[in-house]
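Here's the structure, in C-alpha cells; my notes come after.
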Amino acid sequence: MSQEVLELLSQHRCFDGEQRYYRHESSVIGLPMRFSVYLPPQAQDGPVPVLFFLAGLTCTEETFMIKAGAQRFAAQYGLMLVAPDTSPRGAGCPGEDDDWDFGTGAGFYLDATQSPWSKHYRMESYITQELFAIVTSALPGNASCVGITGHSMGGHGALVLAQRHPKLFESVSAFAPIATPSRCPWGEKAFSAYLGKDRQAWANYDASLLMEQSQNPFPKGILVDQGLADGFLEEQLRPEAFVAACAQAQQPLILRKHEGYDHGYYFISTFMKDHIAFHAERLGAV
Ligand SMILES: N[C@@H](CCC(=O)N[C@@H](CSC=O)C(=O)NCC(=O)O)C(=O)O
C-alpha cells in the first residue's frame with residue numbers, strides 16, 4: 001500500500017469517466033513528479049485493468065492524454081490509462097536542458113548508473129515500483145491486469161520494461177518504437193551518459209538485444225505500428241532489428257507498416273483504438 005500523498009492538480013469529466021492530473025513527492029526520483037490517469041466509468045464499481053502509456057522525447061504527462069484520443073476507447077473497454085512524465089525535472093545535472101533529445105524530457109525509462117544522472121534519473125524504478133503501487137493501491141487499478149505501450153522513446157520503454165518486468169506486465173505494444181537504442185544516435189547519446197561507456201551495460205535496456213536472449217516471453221504476441229513516412233524511421237527507430245530478434249526468440253510479433261503516416265500524434269491517434277482493443281483482450285477487459 002502506497003503511503004504517498006497525491007496532490008490532485010485537476011480533474012475533468014471525460015466519456016463518463018474522469019481525466020485526472022496528479023503531482024507527488026517521488027521517493028524513488030527524489031523530486032516532485034507529475035502523472036496523469038484516465039479513470040473509465042467502470043472504475044466507480046471496483047478495480048479495473050490498467051494500461052501504461054510511455055511518451056516520447058520532449059513530451060510530458062499531458063501529451064498523450066490531450067493528443068492520442070485514447071479515452072473514448074478506454075471508457076468503452078473499462079481500461080484505466082496512466083501516463084507518467086518522461087523524465088525527472090529540475091535534477092540539476094549539467095547540460096540537462098541543453099538538447100531536446102537528452103536530459104529533461106528524455107529519461108529513456110531506465111535507472112541511470114552514472115553520476116550525476118544516477119541520483120534522480122531512475123525512471124524504470126519510478127514506473128515499475130512507485131507509480132505501479134500508486135495506481136494499484138491509491139487508485140482503482142487491478143495489479144494483476146496491467147499492460148504497457150508507448151511511442152518512440154516510450155515505445156522503447158514499453159518493450160524494455162515489459163521484458164525486464166514480465167510479472168508486472170501482461171500485454172505490450174508500441175507505436176514507432178526506438179527498437180535498438182544502443183545502435184542509434186538518440187540512444188547512443190543517452191546511454192553513454194546515463195549508463196556509461198561500456199556498451200555491454202546498454203544491452204539491458206535494448207529491446208532487440210533483450211529479445212534475442214529470450215524465448216517467446218509474450219505468448220499472446222506483441223503489436224507494433226510504424227508509419228512509413230516517419231522521418232526518424234531509418235536512422236533512429238530501426239524496427240527491422242526488433243523483427244529479427246523476435247524471429248530468433250520465436251516471439252509472435254504483429255508489425256503493421258502504414259504508408260504515408262509520420263511520427264506524430266496524428267499517426268498514434270489513427271491506430272489508438274487497435275492498441276486499446278489489443279490490450280483489453282489480453283487483460284481480460286472484454
Ligand atoms: N524536436 C522536436 C521534435 C520532438 C519529437 O518529435 N518528439 C516526439 C517523440 S520523438 C521520440 O521519442 C513527440 O512525441 N513529440 C510530441 C508531439 O506532440 O508530437 C520538438 O522539440 O518538438
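For this chain, numbers begin at 1 and follow the sequence in order. All of these numbers come straight from a predicted model, not from anything done at the bench. Whatever order the structure lists them in is the order used to number ligands and atoms, beginning at 1. Any value given below was found using the heavy atoms of this structure, including those in side chains, with hydrogens, waters and symmetry copies removed.
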Under 4.0 angstrom from ligand 1, any heavy atom of C59? yes

Answer whether the closest heavy-atom distance between the side chains of Y205 and R164 falls below 4.5 Å. yes

In the structure I gave you, are the side-chain heavy atoms of M123 and F108 within less than 4.5 Å of one another anywhere? no

Should one rank F64, F267, Y265, W186 by closest heavy-atom distance to atom 19 (O) of ligand 1, which comes out on top? Y265

Mind checking whether H151 and H263 have parallel, tilted or perpendicular rings, split at 30° and 60°? tilted

Where is the nearest protein heavy atom to atom 8 (C) of ligand 1: which residue, which atom, and how far? L57 O, 3.6 Å

Describe, in one word, how the ring planes of H24 and F35 are oriented to each other, choosing from parallel (under 30°), tilted (30 to 60°) and perpendicular (over 60°). perpendicular

Is there a polar contact between ligand 1 and K67, counting only N or O atoms under 3.5 Å apart? yes

Indicate yes or no: does an N/O atom of F232 lie under 3.5 Å from an N/O atom of ligand 1? no

Minimum-distance protein heavy atom relative to atom 4 (C) of ligand 1: W100 CZ3, 3.4 Å

Classify the ring geometry between H258 and F267 as parallel (under 30°), tilted (30 to 60°) or perpendicular (over 60°). tilted

Looking at T58, which atoms of ligand 1 are within less than 4.0 Å of one of its heavy atoms? 4 (C), 7 (N), 15 (N), 21 (O)

Please state which protein non-hydrogen atom is closest to atom 11 (C) of ligand 1 and give its distance, to 0.1 Å? S152 OG, 2.3 Å

Measuring only between side-chain heavy atoms, which start at C-beta, is E61 closer than 4.5 Å to M33? no

For ligand 1, which is the ligand I care about here, please tell me if G154 has any N or O atom under 3.5 Å from one of the ligand's N or O atoms. no

Polar contacts were defined as any N/O atom of the residue lying under 3.5 Å from an N/O atom of the ligand; does this apply to H263 and ligand 1? no

Distance check, rounded to the nearest 0.5 Å: Y109 atom OH versus S125 atom OG? 15.0 Å

Classify the ring geometry of Y194 against F102: parallel below 30°, tilted from 30° to 60°, perpendicular beyond 60°. parallel

For M153, the ligand 1 atoms whose distance to one of its heavy atoms is below 4.0 Å: 11 (C), 12 (O)

